[in-house]
**Student:** 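Below is one structure. I have some questions about it.
Labels below follow one simple rule: chain letters A, B, ... track the order of the sequence lines, proteins then strands, and each chain is numbered from 1. Values below: all heavy atoms of this structure, side chains included; hydrogens, waters and symmetry mates excluded.
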Amino acid sequence: MGNLILFLILAVIAIGSAIMMLFSRNAVHSALWLILNFATIAVFYIILNAPFLAMVQITVYAGAIMVLFLFVIMLLGTEQGSGVLATRRGQLWTAAGLGLVVLGSIGTALVRIGGSSVQAAAADTSPRVLAMILFENFTFPFEVTGILLLVAVVGLYVMSKQLRKG
Amino acid sequence: MAVTIEWYIALSTILFTLGALGVLLRRNAIIIFMSVELMLNSANLLLVAFAHHLGDATGQVLVFFVMTVAAAEVAVGLALIVAIFQSKKSIDIGDVNLLRG
Amino acid sequence: MIESSSILTVLTFLPIFGVAVILLLKPFNSENDLNIKVVANLTAVATFILSLVVLAMYDSSFAGLQMKHELNWIPALGVKYFFAVDGLSILMVMLTTFIMPLAIASSWNAIETQVKQYYIFLLLLEAGMMGVFLAQDLFFFYIFWEFTLVPMYFLIGIWGGKERVYASIKFFLYTMAGSLLMLVAILYMGLNAGTFSVPELIANYDLYSSAQSWLFWGFAVAFAIKVPLFPFHSWLPDAHTQAPTAGSIVLAGVLLKMGTYGFTRFNLPLFPEASAEAAPLMATLAIIGIIYGAILSFAQTDVKKLVAYSSISHLGFVMLGIFSLNEIGIQGAILQGVNHGLSTGALFFIVGIVYEQRHTRELSEFGGLWRAMPMYAVLSLVVTLSSMGLPGLNGFVGEFSILLGSIGGQTLGASPWIYTAFATTGVILAAIYLLKMYQGMFMGPLDNPKNQSLRDLNGGELAIMLSFLLFIVWIGIAPSGFFTMIDASVADLVTHMQPAIDAVVAANGG
Amino acid sequence: MNLFGLAPLLLILPLIGVFFNTVVGRRLVAADAPSGEKWSGWFATAMSGSAFIVAVLIFFSLPTVDYHAQTVVLWDWFNMPSTDFHVQWAMYFDTLSATMLLVVTGVGSLIHIYAIGYMHGDKDFARFFTYLNLFLFFMLILVTGNSYLMLFVGWEGVGLCSFLLIGFWYDKPNGVGILNGDAARKAFVANRVGDFAMIMAMSLTFWVFKTLEFEGVIETALHMFEEGGKAAPISFGMFTAEFQVVLSAITVLFLIGATGKSAQIPLFIWLPDAMAGPTPVSALIHAATMVTSGIYLITRSNVLFEIVRETGFQMAGIISVPDLVAVVGACTAVYAGLIAFTQFDVKKVLAYSTVSQLGFMIAAVGMGAYVAGMFHLITHAFFKALLFMGSGSIIHGMEHGHHHLHDHGHGGHGDDHHDDHHDDHHEDDFDPQDMRTMGGLWKKMPVTFGVYVIGSLALAGIFPFAGFWSKDEILAHAQVNEFAIFSFINIMLTIGAFCTAFYMTRQIKMVFFGEPRHEAAVHASESNRLMTRPLVFLAVLSVFGGFLNTPNFSEPEGYGSDYASEEKYEESGDHSETEAILAAGGSKTTFTLALEHWLEHSIQSFELTEEGVVHMPHTPIVLQYNVAVTSSIIAIGAILIAWFLVFRGYPMKPEDDDPLQAAPVIGTVWAFFQGLPLDSLYMNGWVKRVFLPLGEISNLIDWDFWHNFVHERLIRDTFVTSADFFSKVLDPLGVDGAVNGVGKSLRNFANGLRSTQTGNVGNYALGLFLGVAAVIAYFVFAA
């Protein structure tokens, strides 16, 4: 029962921070709310027996990526922007309707299934095991991902040259 | 009452929908990007939850790939935004409509 | 001898590799596209060096095909991927790889627009020509044969003179029309015999011999247009006068030789009887070409057109040599093909040099250039003399062998010397029109003020000229090495044809 | 002493000279004319002189190998292993080629020295010597080649040099340069006509004898003749003919070749124009060496000609080839001799004289008197070179005098000095070569005068000058033979000899005697020593050259025959005795018939008997006193008539007619010869009336009819017209209507679609999300 309470509290924080990110006019605020959301998800990871991922979540997402966002926001000086309501009406209502359709569909599905699923035995998720899986079963995707990063780097380099020229 | 996988599916769905709404409703390109990150995170959460549910660490490994792609995407995306800002002096996506037919 | 070797494949496709490199290149300095030129030149030179390797591997005592690279390509039709070389083609291959670097180098300053495409087309052309000379499967050959049209079409059509579009379309349609007849003949033979491979077709002579006189003409028209044999020469003056200098060099130097090569490679061995029967007619056309081309050449006032018409005359000699159907004549014809490539190629280059500076080719605009450009004048004199057939230079070697062969012509009737006599008048006529050109350009007073500021050859032009001259003199004074290369194969060809020739001679009461 | 290993030097040395002057000499002259000219000229001369020394060494090496012909192989030229066609670059030395070598290099070297003086001040000085050395190179190939093909290399090569040298002053102003170029071209093309015959002859020779080497051809020819006789069948390919017919064809083709190179009827037209070249060239190429190569060719092929004579085959049933050769030579001798005394240009007189003398030589070889022909060739080389160089000296002196009138400081010969001054009123048309402007020069130019007279006497055939002996030998040969054709030739040549003495007297009288008829002649002065020394040297040779082959003044003891009756020799049947005597005579130190004995190692004489071919030694010549006396009387008579009767009235003014022109009958003949169109037949007649229109007609046929009409009008326009019909009539009504309908509706539809593309990212994302929602809803509710 304690677990459920913890889950609910965290879920409320996660959903709340997401909503705040969505509705903040100030982009910096949005970013900060998102960091909170990521941190909450990191806690979920710990609960879900994934401590290593939790650490990565904090360092990479909450740390590196979000800092990058903030940095760009500051650089461009575009903190103040239009809010959600600046969107065209048709767009707003269609989006909201579609959101409800998705939520409704998944909710219906969950209700239909009922809470009958059985929890499997906990797996060993130490970094060593993760590394074994990563490098034994996913060697090629790993390499491809490396190339992807390389391409991103080269692309950024070219773009930055263009930016300097332009 | 134990926290079963269904709860996590529900939470993940809500976060995903919120992220999607952010993409659809905001006009600030940076916030749209943040919303995309939120959607990716909801997917990650679900992956980890299923890994826990099935007792198989492979799901956690997939999260690594998602994170990598996300990082690359953010890097390129933000660079694009900077580039757009330089030419348009705005990051409002309403101002970028070169594809208009 | 190496039985199976992929060196010929590499040789053929090396220029394509150069094309790929050029495609990937982004000009570092877009003003003169230096890197593109460098890559194109290096590719051509590398091809030449590789062809020297082929030459070193070539066994001149062996008469048959060597360095074969033979693979099944379309087994259902009996089409093969089949490269090989022998005495009939080795000199043509060497000529191609030798002329191309010179042609490419000669464009260094001449081409200013669309440089990248220009060099790509030249290199594609080289690959196509190599394929023509090396392919030993009719189907495979035909693909290369047609392929060469495309780059040449663009070379004339984009970088040519005022009437370039007209000339390029005419060139394309004219040669294409002839080729289609050949295609029909090729398909007939291939489908009847179940193979397109030339050696296998020769072995299965019976399967198509009943139609050989038709087949002979199917091939002959295609090749005669390419040569060009009178009266199929009408495309040549247009194409030559409109083509850029490098295009003219390649056109005269190599492309025309594809026609004469075709006769020796396909017509003679595949249809020996039809060839022996057609010899008097072909020789007559050749002689008309010799005299007619020479007279026309004399009537021209445009230097480039003059040289273009002289090609008709010179190629007439080659055709006469081939249809003398004996060893001396055919060897002379093959070597004369090379000689014409060198001499006329060099003449077009010479015309190109003054054209670049004066933008005119009218003979009356020149005169007394010797005073202004002495080095150019002297080297041009040697080239002109070579074209004229001065003994000691290459032109004479081929011409004399051909005339010698023609007087012993096997199926030229009871008085073969009549052919020789008429052909020999071409020697006199050559002196008349070439000296007219030389006198008009270089002698007389230097009184046109525009000519007084002309510059003499620069280093690059001198190097190209000297490369031409090296072989012009070499073949002139020591051709025996060149003859040795082709001797065995030609002797083999004549031996192969001898029964057919004897039959035709007997039928005509010889 | 066997020095044949040195032979390649003969070719290498002149080539070194060529390269030196093209690369270095040119720059030296451009940098500093006086010293550069010395370097350039003397270097070339040194090369020529060294070649002469090599020639002398080879000359003296021949006795050490018992006069056997020596071949020095350089490398393979043509070689087709599967055929018999194999020709080498090889040099062939026998007494004949050694003789030619000496003449070419010896006279050549003297002319080199002379040219240093003559060409002084010319801006193309080095180019001139390049050409001279190049000429020497090719001429040496010509005389040393071991096969017809190699001879042909030299043959064409000297033609090329002749072209280059005639056109040497190609850029003289006032159209002179263009005329020079035309003359050069004419020479080359006329030679090419001869070369046409040479190529045909060589092709036939190869197929008949399967070789082109002199030795092989001669051996095979004798062998075939011995085996099969005159009707031996020759066949190759589908061709068959009798031996005598083929051989006649070959020899007549050689004759045509020789008429081109040696300027005989009908191809002599180029030689007078060739005088456009600098005078040393006229002396070297157009008098002494190149033009004699036709005689060399026939002498070299003497066995073929003699076999034809033996077969007695008459071409078209009229005349045999050797007789034709003799007739052509004799006719040319008279014809050119007659033209020579209508000329006013000092060099043109000599040019026609050369043609005439070449006619003598050709007539000699045609009669089978090869040695006599060669003898005349050698002496002619001496005195005609002398005369040409003398005329050069006269022209030089006249130009000098002419300059003296205008600028007193400047001397020396330039290529166009007199043209520099053509703004000077009355001097516009001054021609330093016109004899009518000369007169009284003997006082001004004593050395030139002296040597010129010696040369003229030698040419006229006055005892004891060189020409007397050589011409006499030819005339003797013509006289002592009894065939009708020989009588004809005898008469013709005698007339020719008369003409020779006549026109030379006229020239000397006009040039050297009387009063000067022009200011330039008054101020003329003697040329420098570089020019006169070689003249003196040649004068000495012209005086004593005749002793090369002085005949015996009486019959050698024990020799029961004279030249007139070869038949007796044959009939006597006892050859051993005479052969022994001859052999003794050949090796004995005697100055009589030195050339005859020398050349008999190369020129074979033979007879077909029942035992086969018998080689026969040459019969020695005993001086034919009647011939000698007759010809002397004719020559002296001609001189006297010219001097005292016809040209008594000289000096004349430039505008005057020649006395002969005014004479009643002779005047007509004069007018005929002077106005004869043959001279300008080539440029004005053949080219303008035949070749140019032919070219234009062909152009009309090819371009206007074949190219423009058939290809453009018929084929292309038909295509274009039908295409127009399709595109303008058929297509809009039928096919196009349907196609356009489809096109229009498509366009409207597309316009509708277009509005959906807003360019707004949000809208696109919405579409995306719509799809996601639809998929999810589908799986949850429908699946």
Side-chain angles (χ1 to χ4, degrees), chain C residues 170 231 234 237-238 292 295-296 298-300 326-328 331 368 370-371 378 385 390-392 396-397 400-401 403-404 407-417 420-421 424-425 427-428 431-432 435-436 439 442-447 477-480 483-484 487-488 490-491 505 508 510, chain D residues 22 26 75-83 85-86 89 141 149 152-153 155-157 160 163-164 167 170-173 177-178 180-182 184-185 188-189 192-193 195-196 199-200 202-204 206-207 236-240 249 687 691-692 694-696 698-699 702-703 706-707 710-711 716:
Chain C
K170 186 167 182 179
S234 200
D238 286 313
Y292 189 66
I295 293 175
L296 281 166
F298 179 79
Q300 304 308 316
N326 58 31
E327 288 94 340
I328 299 179
Q331 292 197 36
W370 196 315
R371 212 36 98 199
V378 170
L385 291 171
L390 190 85
F396 177 74
V397 173
F400 186 72
S401 306
L403 293 171
L404 199 57
I407 208 166
Q410 297 223 55
T411 55
L412 296 183
S415 314
W417 55 270
T420 315
T424 313
T425 56
V427 174
I428 305 176
I432 293 177
L435 285 182
K436 175 196 163 183
Q439 194 186 357
F442 295 102
M443 293 163 89
L446 182 64
D447 44 15
I477 63 177
S480 55
F483 281 129
T484 314
D487 184 79
V490 172
V505 170
N508 293 347
Chain D
T22 15
R26 189 162 59 90
W75 66 79
D76 260 4
W77 187 14
F78 284 87
N79 187 11
M80 299 186 189
S82 64
T83 68
F85 189 35
H86 184 202
W89 289 101
I141 288 186
L149 206 59
F152 189 67
V153 175
W155 187 271
E156 283 268 272
L160 162 69
F163 166 77
L164 292 172
Y170 59 81
D171 63 348
K172 275 193 174 184
I178 290 169
N180 288 350
D182 282 347
R185 194 154 62 129
F188 200 99
V189 172
R192 270 269 156 149
V193 176
D195 296 343
F196 161 83
I199 291 177
M200 288 295 291
M202 288 192 293
S203 305
L204 270 174
F206 174 79
W207 284 99
F236 48 85
M238 290 167 79
F239 173 85
T240 32
V687 167
F691 209 82
L692 274 179
L694 201 62
E696 258 146 43
S698 302
N699 215 8
D702 195 69
W703 197 256
W706 188 241
H707 181 277
V710 175
H711 284 86
R716 190 189 66 169

**Student:** Roughly how far, to the nearest 0.5 Å, is CG of L164(D) from CE of M443(C)?
**Tutor:** 7.5 Å
**Student:** Which heavy atom of P416(C) sits nearest to which heavy atom of F239(D), and what is that distance?
**Tutor:** CD-CB, 3.8 Å
**Student:** Any side-chain heavy atom of V378(C) within less than 4.5 Å of one from T22(D)?
**Tutor:** no
**Student:** What part of L204(D) gets closer than 4.5 Å to chain C, counting heavy atoms only: side chain, backbone, both or neither?
**Tutor:** both
**Student:** Can you name the closest pair of heavy atoms from A421(C) and F196(D) and give their distance?
**Tutor:**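 Heavy-atom minimum between the residues: O-CE1, 3.1 Å.
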**Student:** Output the option from I141(D), T240(D), D195(D), V153(D) having the highest count of non-hydrogen pairs under 4.5 Å with chain C.
**Tutor:** V153(D)
**Student:** To the nearest 0.5 Å, how far apart are CG in D182(D) and CG in L435(C)?
**Tutor:** 11.0 Å
**Student:** Under 4.5 Å heavy-atom distance to chain C, tell me which part of W89(D) shows up: side chain, backbone, both or neither.
**Tutor:** side chain
**Student:** Quick check for you: among S401(C), A488(C), P479(C), which has the greatest number of heavy-atom pairs under 4.5 Å with chain D?
**Tutor:** P479(C)
**Student:** Go through the steps to decide whether F483(C) and F85(D) satisfy the test ring-ring contact (aromatic ring centres under 6.0 Å, His included), and finish with yes or no.
**Tutor:** CA-CA 11 Å; F483(C) 281 129; F85(D) 189 35; 7.4 Å; no
**Student:** What distance do Y170(D) atom OH and R371(C) atom CZ have between them, rounded to the nearest 0.5 Å?
**Tutor:** 4.0 Å
**Student:** If you count heavy-atom pairs within less than 4.5 Å of chain D, which of W417(C), F396(C), F442(C), W370(C) leads?
**Tutor:** W370(C)
**Student:** Could you tell me which non-hydrogen atom of D171(D) sits nearest to which non-hydrogen atom of G444(C), and how far apart they are?
**Tutor:**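 Looks like CB-O, 3.2 Å.
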**Student:** Measure the shortest side-chain to side-chain distance between L160(D) and L390(C) over non-hydrogen atoms and say whether it is less than 4.5 angstrom.
**Tutor:**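 Heavy-atom side-chain distance check passes, below 4.5 Å.
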**Student:** Who among I407(C), T484(C), T424(C), D487(C) has the most heavy-atom pairs with chain D under 4.5 Å?
**Tutor:**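 Maximum pair count with chain D is reached by D487(C).
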**Student:** Would you mind checking which part of D76(D) comes under 4.5 Å of any heavy atom in chain C, side chain (CB onward), backbone (N, CA, C, O), both or neither?
**Tutor:** both
**Student:** Can you tell me which portion of P237(C) sits under 4.5 Å from chain D's heavy atoms? Options are side chain, backbone, both or neither.
**Tutor:** side chain
**Student:** Using non-hydrogen atoms and a 4.5 Å limit, figure out which bit of F152(D) sits close to chain C: side chain, backbone, both or neither.
**Tutor:**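 Both backbone and side chain.
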**Student:** Heavy-atom pairs under 4.5 Å with chain C are the metric here; pick the option from M80(D), H86(D), E156(D) that has the most.
**Tutor:**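 Of M80(D), H86(D), E156(D), M80(D) has the most heavy-atom pairs under 4.5 Å with chain C.
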**Student:** Between F206(D) and L404(C), what is the shortest heavy-atom contact and its length?
**Tutor:** CB-CD1, 3.6 Å
**Student:** If you take all heavy atoms of R192(D) and A431(C), which pair is closest and at what distance?
**Tutor:**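 So the minimum-distance heavy-atom pair works out to CG-CB, 3.6 Å.
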**Student:** Checking heavy atoms, do the side chain of N326(C), its backbone, both or neither come under 4.5 Å from chain D?
**Tutor:**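 Looking at N326(C), just its side chain touches chain D.
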**Student:** Using a cut-off of under 4.5 Å for heavy-atom pairs, which of T420(C), L385(C), V397(C) has the most such pairs with chain D?
**Tutor:**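 Result: the option with the highest number of such pairs is V397(C).
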